[in-house]
Amino acid sequence: MDSKNKSGSIETVIKENRSFPPSAPFTEKAWIHDQADFDKIWNTSQENPVHFWEQQASHLEWAEKWKTVHHWNEPFSQWFVGGKLNVASNCLDRHLEARGNKNALIWEGEDGSVRKFTYQDLHKEVCKLANALENKFNLKPGDTAAIYMPLVPEAVIAMLACARIGVAHSIVFAGFSSHSLRDRIQDAECKVVLTSDIGYRRGQVLDLQKTVREATSQCQSVRATLVFRRENKTELIENEWDWSQLTSHQSPNHRPSFFDSEHPLFFLYTSGTTGKPKGIVHSSGGYLTGVATTAKWIFDLKENDIYWCTADIGWITGHSYVVYGILANGATSVIYEGAPMHPHPGRIWELIDKHKVTILYTAPTAIRSFMRAGNEYPLKYELSSLRLLGSVGEPINPEAWMWYYEMIGKKRCPIVDTWWQTETGAILISPIPGVTTLKPGSATRPFPGIIADIVNEEGKSCAPNEGGYLVIKHPWPSMLRTIHKDPERFKEQYWSKFKGMYFTGDGAHKDENGYFWIKGRVDDVINVSGHRLGTMEIESALVSHPRVAEAAVVGRPDELKGQGIVAFVTPRDSKDKLDIKTLAQELKTHVANEIGALARPDEIKFTKTLPKTRSGKIMRRLLKDLAAGKQITGDTTTLENPGIVELIES
Ligand code: WTA
């Protein structure tokens, strides 16, 4: 099928609601392959999700079995209550006998250097670090540690070492600024920071240690920083420790303790609708059950797979599907430090051939960039090892889906378009390769044990093809437990819009086959290149600049990144003093310094005032239309002064 020449052919497929491809084209038998069996599992799980999840939890290794499967004190959920386990030993020790010599991690750097860790190797390193954290820094179960690292094996070792000793990790993506890092360390009261002196990206050297120093100088809770030194250039200062030196004296054995199923495994800060990111709290037993089960079923993980998820461990995708879900299944996880199109646009395809990757999981923005770079790059490589492709983080447009399917998967590999969130912990809506008929652009149907629906403003189920809000109607094991230090916000944000339902913040519709089509956020969160950003967070950064009086930030459609960031700013400067080109640059850099480069606005529009309703609320809809270059239509009569968006031109 040629998606480009027959114009609108993809749209036709969708409009006519014909399935494409007719069935999941698996060349080998998928782990789940019997349609009737699967339908039975799915139907039963919809009636009794708790039973389904109990069966899944039993595949993990528990030191003590739970007494109650699910305890629900709306909206606070507990799963496998009374059960005890160690998440790290589920990811490592459990596999040592059967697959100790199998690769757990394959790392490649931008310069082509490779490091491989078998399950045995990884276990050893994790034990050494766990011993160091306990003996040297006196970390105890219930403490928290921050991880601010590039995508190197030591980052994974850091996560598992924390998990092993019951210390909750809080990973901060190494592209975030020192301010963002400081705020997150302070909120989680981290006692130790694990970092690296430098990271590499697009041939550039990133000075991470400097960022950490700036951040920790304002964090009273931090006792020590452990630095994985790659250059050995910078002298260590007080309270900084050399990772390799410290761990080299530690025993490679560590006897794990077992923690309650509800013991917090990690905090992960994510953007919401207010200026301050929320610390999403995830549990141990429920989280691991969710990620291990979905990884196995959705990625069809088998013993010989080489699985590569391109996400950084700084995001939830990295937590769940680079580390925990994959290692819990004893699979091989590939990690690559650097940009997938550097040093040449075919780098990602080169890596797939080199490591014989069988499963690739990446984001639509990346797929669109590969597509834009040109077919000549993937065509240079064989890509014959691939058998399954995944997509995550934002809606995938059918054109990108078709390109991925034809050019990368050679019409041989099913695509699993997986919908989920930082809060959900694990994938909730996705095809199951081997049984689900795919439709380009749809994440298809809820995973077994997940009760999802589309509801209208009154909370009533929508009719087929009627747009509404995506909600989850029954708790699931890997759901967030709360927002750190803010249970009220947790209730308000997710459980107050519709009674008894988890509100996702996404708009969507279901078609007549019960397939879900996710449109995107309905709140003030935007999705830029698959990264979640709060518009209010960027506004706070802008108004912290002395020359800004007021600011409003909106997303606008962007062909490559999904959404771009547009800021409307009212400057303090009088018109004659104002040089808007210079100020725009200054403000873009200011936002990057305050939050991180990923929040840098694409465009800044200066206005004399911001359009507001009589009650003083900024008219975001109007700004969104303006940002997208649309004619301003609709009701603006509630505006205090309609037509007030007077742009200041250069
Ligand atoms: C969006 C990333 C459409 C959605 C795992 C969600 C998607 C937000 C998909 C969560 C998908 C994620 N199709 N939209 N397959 N996957 N999203 O927390 O808007 O970084 O609410 O988690 O990404 O982003 P987060």
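Owing to the predicted nature of the structure, the values given are computational and were not obtained by experimental measurement. Just so it is clear, the values below take in all heavy atoms, side chains as well, and ignore hydrogens, waters and symmetry mates.
Listed by first and then second residue, the salt bridge (Lys or Arg N to Asp or Glu O under 4.0 Å) pairs that reach into residues 342-352 are Glu108-Arg347, Arg347-Glu350, sequence neighbours excluded. Under the salt bridge (Lys or Arg N to Asp or Glu O under 4.0 Å) criterion, the residue pairs touching residues 536-547 are Glu539-Arg620, Arg547-Asp573, Arg547-Glu586, with sequence neighbours excluded. The list of ring pair (Phe, Tyr, Trp, His ring centres under 6.0 Å) pairs with a residue in residues 557-579, not counting sequence neighbours, is empty.
Salt-bridge formation is not detected for the pair Arg182/Glu214: no Lys NZ or Arg NE/NH1/NH2 atom is positioned less than 4.0 Å from an Asp or Glu carboxylate oxygen. A salt bridge does not link Arg230 with Asp197: every distance from a Lys NZ or Arg NE/NH1/NH2 to an Asp or Glu carboxylate oxygen is 4.0 Å or more. Salt bridge present: Glu550 and Lys612 bring a charged side-chain N and a carboxylate O closer than 4.0 Å. Under the 4.0 Å criterion applied to side-chain N and carboxylate O atoms, Asp187 and Lys276 are assigned as salt-bridge partners.
Taking 4.5 Å as the limit, some side-chain heavy atom of Val392 sits within range of a side-chain heavy atom of Tyr361. Between Phe266 and Ile171 there is no side-chain heavy-atom pair separated by less than 4.5 Å. In this structure the side chain of Leu587 reaches within 4.5 angstrom of the side chain of Val548, judged on heavy atoms. At a threshold of 4.5 Å between non-hydrogen side-chain atoms, the residues Ser544 and Glu594 count as touching. At least one side-chain heavy atom of Met159 sits under 4.5 Å from a side-chain heavy atom of Ile147. For the pair Leu351/Val334, no side-chain contact is recorded, criterion being any heavy-atom separation below 4.5 Å from C-beta on. Residues Thr418 and Ile429 form no side-chain contact, since every pair of their non-hydrogen atoms from C-beta on lies 4.5 Å or further apart. Looking only at side-chain heavy atoms (C-beta outward), Val528 and Leu598 stay at 4.5 Å or farther from each other.
Every ring pair (Phe, Tyr, Trp, His ring centres under 6.0 Å) that His531 has, sequence neighbours left out, goes to Trp315. With sequence neighbours excluded, the residues satisfying ring pair (Phe, Tyr, Trp, His ring centres under 6.0 Å) with Trp349 are Phe370. Under the ring pair (Phe, Tyr, Trp, His ring centres under 6.0 Å) criterion, His590 pairs with His545, sequence neighbours left out.
At distances below 3.5 Å, not a single donor-acceptor pair connects side-chain atoms of Asn527 with backbone N or O atoms of Gly562. Not one N or O on the side chain of His282 forms a donor-acceptor pair closer than 3.5 Å with the backbone of Leu268. Remark: side-chain polar atoms of Arg368 are paired, donor with acceptor, to backbone N or O of Leu560 under 3.5 angstrom. Side chain of Tyr404 to main chain of Pro364: no donor-acceptor pair is present (N/O by atom type, distance under 3.5 Å, no hydrogens or angles). Under a 3.5 Å cut-off, the side chain of Thr216 and the backbone N or O of Val212 do form a donor-acceptor pair. Under a 3.5 Å cut-off, the side chain of Thr144 and the backbone N or O of Ala168 do not form any donor-acceptor pair. Of the possible donor and acceptor atoms, none in the side chain of Ser540 sits under 3.5 Å from a partner among the backbone N and O of Gly275. Side-chain atoms of Ser320 never come within 3.5 Å of backbone atoms of Thr317 as a donor-acceptor pair (strictly under, hydrogens ignored). Between the side chain of Ser196 and the backbone N or O of Phe228 there is at least one donor-acceptor pair closer than 3.5 Å.
Once rounded to the nearest 0.5 Å, the distance linking CD of Gln563 with OG1 of Thr365 reads 10.0 Å. One finds the CG atom of Leu360 at 8.5 Å from the CD1 atom of Ile408 (value rounded to the nearest 0.5 Å). Taking OG1 of Thr195 as the start and CG of Leu226 as the end, the distance is 9.5 Å to the nearest 0.5 Å. Between atom CZ of residue Arg532 and atom CD1 of residue Ile316 there is a gap of 10.0 Å, rounded to the nearest 0.5 Å. Between the OH atom in Tyr269 and the OG atom in Ser180 there is a gap of 12.0 Å [rounded to 0.5 Å]. Interatomic distance, CD1 of Ile518 versus CZ of Arg521, reported as 11.5 Å (0.5 Å rounding).
Other residues, nucleotides and ligands contribute at most 12 non-hydrogen atoms within 6.0 Å of the CD atom of Gln204. At most 12 heavy atoms of other shown residues, nucleotides or ligands fall within 6.0 angstrom of atom CD in Glu559. Other residues, nucleotides and ligands contribute over 12 non-hydrogen atoms within 6.0 Å of the CD atom of Glu603. The environment of NZ in Lys210 is sparse: at most 12 heavy-atom neighbours from other residues, nucleotides or ligands sit within 6.0 Å. Other residues, nucleotides and ligands contribute only 12 or fewer heavy atoms inside 6.0 Å of the CZ atom of Arg202. Environment of NZ in Lys497: crowded, with over 12 heavy atoms of neighbouring residues, nucleotides or ligands closer than 6.0 Å. Within 6.0 Å of CH2 in Trp495 there are more than 12 heavy atoms belonging to other residues, nucleotides or ligands.
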Ring pair (Phe, Tyr, Trp, His ring centres under 6.0 Å) evaluation trace for Phe176 with Tyr148 = CA-CA 9 Å; Phe176 277 117; Tyr148 186 79; 8.6 Å; no
Point to revise | Verdict with supporting geometry, Leu206 and Ile198, side-chain contact (heavy atoms from CB on, under 4.5 Å) | key: CA-CA 5 Å; Leu206 313 172; Ile198 54 161; over 6 Å; no
**OP:** Determine, step by step, whether Val192 and Thr225 satisfy the side-chain contact (heavy atoms from CB on, under 4.5 Å) criterion, reporting the C-alpha distance in whole Å, the side-chain angles of both residues, the deciding distance to 0.1 Å, and the verdict.
**Re:** CA-CA 6 Å; Val192 167; Thr225 301; over 6 Å; no
Check the pair Glu492, Arg489 against salt bridge (charged side-chain N to carboxylate O under 4.0 Å, His left out), reporting the backbone distance first and the verdict last. CA-CA 5 Å; Glu492 167 61 30; Arg489 190 173 172 198; over 6 Å; no
Determine, step by step, whether Asp602 and Lys561 satisfy the salt bridge (charged side-chain N to carboxylate O under 4.0 Å, His left out) criterion, reporting the C-alpha distance in whole Å, the side-chain angles of both residues, the deciding distance to 0.1 Å, and the verdict.
CA-CA 11 Å; Asp602 294 282; Lys561 300 193 289 185; 2.5 Å; yes
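Checked by atom type, the side-chain pair Tyr494/Glu423 shows a donor-acceptor distance below 3.5 Å. Checked by atom type, the side-chain pair Glu189/Ser221 shows no donor-acceptor distance below 3.5 Å. Side chains of Asp506 and Thr504: no donor on one and acceptor on the other come within 3.5 Å. If you check the side chains of Tyr336 and Glu110, you find no donor sitting under 3.5 Å from an acceptor. Between the side chains of Arg213 and Ser178, not a single donor N or O lies within less than 3.5 Å of an accepting N or O. In this model, a donor atom of one side chain and an acceptor atom of the other lie less than 3.5 Å apart for Glu240 and Gln209.
A ring-centre distance under 6.0 Å is found for His169 and His319. Aromatic rings from Trp420 and Tyr321 are positioned such that their centres are separated by under 6.0 Å.
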